[in-house]
2 protein chains.
Amino acid sequence: MTAAANQSGRRPTTSRRLERAGIRDVAAAAGVSITTVSDALNGKGRLPDETRSRVREVAERLGYRPSAAARTLRTGRSGLIGLTVTTYGEEPFTFTEFAYFAEMARAATSAALGRGYALVVLPASSRHDVWSNIALDGTVVIDPPDQDPLVSELYRSGVPVVSDGKPGNCPVTAWVDNDHEAAVLGILDHLSEAGARRIGLLTGTSTDTYTRLSTDAYLGWCHKVGQEPVYETYPAHDPAAGAVAADRLLARPDRPDAVYGLFDPNGTDLLAAARRYGLRVPDDLLLICCSESDVYAATEPPITTLSLKPRRIGTTVVNLLIDAIEGVDSGTGVDVGRLFPARYRTAGTGPPPGTLMPTELIVRASSQRRSTRTTVSPPRPRPAGEA
Amino acid sequence: MTAAANQSGRRPTTSRRLERAGIRDVAAAAGVSITTVSDALNGKGRLPDETRSRVREVAERLGYRPSAAARTLRTGRSGLIGLTVTTYGEEPFTFTEFAYFAEMARAATSAALGRGYALVVLPASSRHDVWSNIALDGTVVIDPPDQDPLVSELYRSGVPVVSDGKPGNCPVTAWVDNDHEAAVLGILDHLSEAGARRIGLLTGTSTDTYTRLSTDAYLGWCHKVGQEPVYETYPAHDPAAGAVAADRLLARPDRPDAVYGLFDPNGTDLLAAARRYGLRVPDDLLLICCSESDVYAATEPPITTLSLKPRRIGTTVVNLLIDAIEGVDSGTGVDVGRLFPARYRTAGTGPPPGTLMPTELIVRASSQRRSTRTTVSPPRPRPAGEA
DNA sequence: AGGTGATGGAGAACCGTTTCTCCGTGAGTC
DNA sequence: GACTCACGGAGAAACGGTTCTCCATCACCT
């Protein structure tokens with residue numbers, strides 16, 4: 001070990017007020033080169049254990065923390081993943097508007113963290129300069145609208161993008177979504193079995209994938225079984241409009257004897273509307289809504305809900321993204337291996353690889369004429385294991 | 001304008017597969033130096049408008065995006081703010097467990113974004129190497145426990161830290177909290193006025209500031225008015241334990257005729273417990289709980305809630321933090337100006353400057369013997385303006 | 001004619017790592 | 001005894017910006 005404890009590198013002897021110790025300081029204090037320090041701390045290079053531990057010791061003593069910025073600049077990896085959330089109205093983003101987003105984001109954060117990444121929350125509406133000023137290794141986008149310029153630019157600049165929700169016309173690296181069609185069909189069947197003669201739908205006016213696919217599935221089912229569609233639409237982001245729409249639906253002359261509501265608050269709203277019209281649930285009206293909230297276990301009566309299992313979605317999205325980040329850098333081949341049940345997946349230059357995740361119907365009193373069983377029964381066999 | 005369109009800088013002529021355009025590429029294409037490009041794009045230096053716009057045009061054409069990493073390395077600013085959320089149990093973090101966190105985080109994100117910063121969500125329990133690998137300009141910590149090593153290290157390394165919740169024994173730059181004592185006293189007075197003879201409390205077992213201050217205020221009030229304390233505690237992070245505790249409280253021989261529950265689900269749980277014991281609300285039992293959820297507007301009967309106004313908290317926390325980041329770099333003088341009503345604030349080397357924010361009591365049927373008024377009445381005059 | 005100030009812009013250091021290249025040295029080999 | 005290797009580690013070039021310093025040039029003034 002050579003004695004190189006004097007000024008190493010170009011650091012000027014003067015000034016330099018006491019700031020954080022840099023790698024050069026550690027090198028000087030340990031009497032080695034900065035190369036050795038870097039290698040010792042990162043477990044690289046060929047160094048005897050003695051040197052390694054000595055350097056580590058010195059670094060610890062000096063409270064050395066490598067500069068994330070410098071590392072990012074050099075390696076091209078920031079360890080940061082963007083989480084783009086949609087914006088409704090003037091509020092920056094829904095995020096917690098519906099429990100779905102909250103749960104999904106939570107799971108995503110957790111999954112990312114488990115693999116050494118952190119999540120940056122970025123509303124889609126945020127000023128361009130804000131998120132273009134952040135070094136992102138990849139981005140998760142939630143339900144991107146068609147031709148989303150943000151997604152396009154990200155993708156074009158080489159940043160992997162994985163979307164929650166089948167993208168309409170966006171070039172994404174991969175996507176994950178529920179099998180909304182299967183879910184709706186399962187619900188309609190369930191209601192039919194429970195004795196429903198005319199099933200209504202409470203849906204949204206927006207054109208996002210979820211709303212579109214679900215509504216289409218409903219309409220298709222109606223066409224197939226020969227029922228006249230009975231549905232009302234409202235802007236899903238408006239909490240007040242939901243109650244009004246629920247009321248409208250039950251006030252129709254062709255009042256349905258069963259209703260599925262696509263959005264979280266629909267259950268409460270429909271229940272209230274039913275009460276106003278003197279309809280008993282489930283005797284006069286069967287009720288199901290899509291929700292992640294467990295308040296529906298405690299309503300009077302408890303309401304059957306469809307869970308989209310947002311945790312699983314969030315976990316999967318992040319894992320796919322990180323696989324893409326750490327996998328083959330360029331090229332189409334995203335390493336979508338071993339990950340969850342993939343119902344549908346394409347390769348080559350066609351549409352990006354997508355993964356469909358199952359949903360779960362939590363059957364409660366509101367969707368059963370005479371409460372026989374109250375066990376949990378998924379619409380289709382769900383895969384074992386995983387969150 | 002000199003013709004310097006040839007190889008500028010040290011970039012090697014060979015290789016260099018087509019990647020993102022750098023500032024050197026822009027400089028070469030525009031026939032200027034990189035200094036000029038930087039100045040033109042950042043609005044600095046003395047440049048004629050003609051040069052400025054020309055450079056901007058070229059940069060646009062080349063799709064130039066400055067490297068966030070390089071900028072961060074040079075300027076020492078990343079535009080990133082950490083949001084540390086507490087961990088309960090095995091779940092990575094509560095975040096959306098209670099609506100309070102969700103709302104607060106949402107407001108914080110929005111406020112940060114408005115000032116050009118993005119938020120990184122970082123559970124306090126995350127591995128050291130994860131968040132030490134991120135260049136943070138500052139951090140928001142939610143209710144840090146005493147002697148939080150994470151906070152200490154951050155603070156020591158010069159990163160501004162602002163906490164939501166009065167810190168026990170942590171060196172933070174500033175903190176923001178509700179006036180929990182005033183809130184509880186206001187509630188107790190409100191219940192007394194409504195005719196309560198013996199007021200009970202449903203509280204938590206943890207030692208966080210909120211629980212401690214609130215409970216202490218209750219005990220102090222009991223002592224003052226000469227009432228024997230009637231309270232039950234339970235681990236607040238356990239959803240099932242709340243219902244059990246609510247039941248315990250109403251099963252006591254010295255059953256209270258009014259109850260305040262410190263946590264969000266307490267209202268529902270207490271209502272259910274009251275029903276089990278055949279107690280009518282509000283006739284036999286007055287009920288108030290602390291919650292940000294509006295489900296309590298629709299319960300039977302509607303329940304009076306205390307809102308901690310998490311949006312205001314989140315906004316204030318972030319603004320304080322960014323003020324600290326952009327203000328005087330070192331030194332104690334945080335530029336806590338014009339921001340909200342500061343009840344309590346110290347300077348110098350004493351405790352860090354804190355800001356107390358008012359709460360809001362939303363009076364509903366559950367806390368009034370005979371429903372007279374149902375207007376919103378804050379426990380104390382709240383300041384006009386702001387979110 | 002020389003000084004002066006404003007204007008426009010170039011040069012180069014620097015931010016703090018990672019990593020590629022290469023070098024000295026001592027032990028084993030033919 | 002010259003050669004080859006493995007070992008341990010040093011040097012220096014990036015990474016891609018920002019910014020401090022300084023230099024022409026030219027008009028204007030005295």
Side-chain angles (χ1 to χ4, degrees), chain A residues 1-12 15-16 19-28 30-52 54-55 59 62 64-79 132-133 135, chain B residues 1-6 8-12 14-16 19-28 30-52 54-55 59 62 64-79 132-133 135:
Chain A
M1 34 195 122
T2 344
N6 56 351
Q7 281 311 108
S8 77
R10 62 205 166 208
R11 177 151 309 178
S15 71
R16 195 61 195 170
E19 291 185 359
R20 281 174 45 193
I23 197 175
R24 275 174 257 274
D25 302 317
V26 177
V32 295
S33 73
I34 60 172
T35 304
T36 305
V37 175
S38 179
D39 284 349
L41 263 39
N42 295 333
K44 300 190 174 179
R46 307 160 309 187
L47 297 177
D49 287 347
E50 193 272 328
T51 305
R52 216 175 275 277
R54 183 164 48 87
V55 169
L62 266 53
Y64 167 67
R65 296 274 172 267
S67 151
R71 174 173 295 173
T72 298
L73 176 59
R74 183 67 238 254
T75 63
R77 288 278 161 79
S78 67
S132 98
N133 197 18
Chain B
M1 39 196 120
T2 343
N6 58 346
S8 78
R10 60 202 167 211
R11 179 150 310 181
T14 68
S15 69
R16 193 62 194 169
E19 290 187 0
R20 280 173 46 194
I23 197 175
R24 287 175 176 82
D25 302 317
V26 177
V32 295
S33 73
I34 60 173
T35 305
T36 305
V37 175
S38 179
D39 284 349
L41 263 39
N42 295 334
K44 300 190 173 179
R46 308 160 308 190
L47 296 177
D49 287 347
E50 193 272 326
T51 304
R52 216 176 276 277
R54 182 165 49 86
V55 169
L62 266 54
Y64 169 68
R65 296 275 171 267
S67 151
R71 176 174 293 172
T72 299
L73 176 58
R74 184 66 239 254
T75 62
R77 290 276 162 77
S78 66
S132 100
N133 198 17

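A note on names: the letters A, B, ... follow the listed sequences, proteins ahead of strands, and every chain is numbered from 1.
- Following rounding to the nearest Å, A:Asn133 (CG) and D:dT18 (C1') show an atom-to-atom distance of 13 Å.
- In this model, the phosphate group of D:dG8 is not approached by any side-chain N or O of A:Thr36 to a distance below 4.0 Å at OP1 or OP2.
- If you check every strand for non-hydrogen atoms under 4.0 Å, A:Arg52 touches nothing.
- For the pair B:Leu62 CG and D:dG16 C1', the computed distance is 15 Å after rounding to whole Å.
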Write out a two-atom table: protein N or O, nucleotide N or O from nucleotides 18-24 of chain C, distance below 3.5 Å.
{"from": "C:dT18", "atom 1": "OP1", "to": "A:Asn42", "atom 2": "ND2", "distance (Å)": "3.1"}
{"from": "C:dT18", "atom 1": "OP1", "to": "A:Arg71", "atom 2": "NE", "distance (Å)": "2.9"}
{"from": "C:dT18", "atom 1": "OP1", "to": "A:Arg71", "atom 2": "NH2", "distance (Å)": "3.0"}
{"from": "C:dT18", "atom 1": "OP2", "to": "A:Ser38", "atom 2": "OG", "distance (Å)": "2.7"}
{"from": "C:dT18", "atom 1": "OP2", "to": "A:Asn42", "atom 2": "ND2", "distance (Å)": "3.3"}
{"from": "C:dT18", "atom 1": "O2", "to": "A:Arg74", "atom 2": "NH1", "distance (Å)": "2.1"}
{"from": "C:dT19", "atom 1": "OP2", "to": "A:Lys44", "atom 2": "NZ", "distance (Å)": "2.7"}
{"from": "C:dT19", "atom 1": "O4", "to": "A:Thr35", "atom 2": "OG1", "distance (Å)": "3.3"}

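- Shortest non-hydrogen contact noted between A:Arg46 and A:Arg52 is C-NH2, 4.4 Å.
- When all heavy atoms of A:Leu73 and B:Leu73 are compared, the closest pair comes out as CD2-CD2, 3.3 Å.
- The shortest distance between the side-chain N/O atoms of A:Thr51 and the OP1/OP2 oxygens of D:dG9 is below 4.0 Å.
- Each end of the helix from C:dA1-D:dT30 to C:dC30-D:dG1 yields a helix axis from five base pairs, and these two axes differ in direction by 70° (to the nearest 10 degrees).
- Ranking C:dT17, C:dG9, C:dA10 by closeness to the B:Ser33 side chain, first place goes to C:dA10.
- Nearest-nucleotide positions on DNA chain C place B:Pro48 closer to the 5' end than the other of B:Leu73 and B:Pro48.
- When the C1' atom of C:dG16 is taken as reference, atom CG of A:Asp25 falls 11 Å away, rounded to whole Å.
- Considering all non-hydrogen atoms of both residues, A:Pro66 and A:Arg20 come closest at O-NH2, 3.8 Å.
- For A:Arg74, there are no side chain to side chain donor-acceptor pair (under 3.5 Å) partners two or more places apart in sequence or in a different chain.
- Note that CZ of B:Arg77 is 12.0 Å distant from CG of A:Asn133, once rounded to the nearest 0.5 Å.
- For B:Thr72, the side-chain contact (heavy atoms from CB on, under 4.5 Å) partners two or more places apart in sequence, or in a different chain, are A:Ala69, B:Ser78, B:Ala135.
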Going by atom type alone, with no hydrogens or angles, which donor-acceptor pairs under 3.5 Å involve a side-chain atom of residues 30-42 of chain B and a protein atom two or more places apart or on another chain?
{"from": "B:Ser33", "atom 1": "OG", "to": "B:Thr35", "atom 2": "N", "distance (Å)": "3.4"}
{"from": "B:Ser33", "atom 1": "OG", "to": "B:Thr36", "atom 2": "N", "distance (Å)": "3.3"}
{"from": "B:Ser33", "atom 1": "OG", "to": "B:Thr36", "atom 2": "OG1", "distance (Å)": "3.2"}
{"from": "B:Asn42", "atom 1": "ND2", "to": "B:Ser38", "atom 2": "O", "distance (Å)": "3.3"}

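- A:Arg65 pairs by the salt bridge (charged side-chain N to carboxylate O under 4.0 Å, His left out) definition with B:Glu153, not counting sequence neighbours.
- When rounded to the nearest whole Å, the span between CZ of B:Arg24 and P of C:dA10 equals 14 Å.
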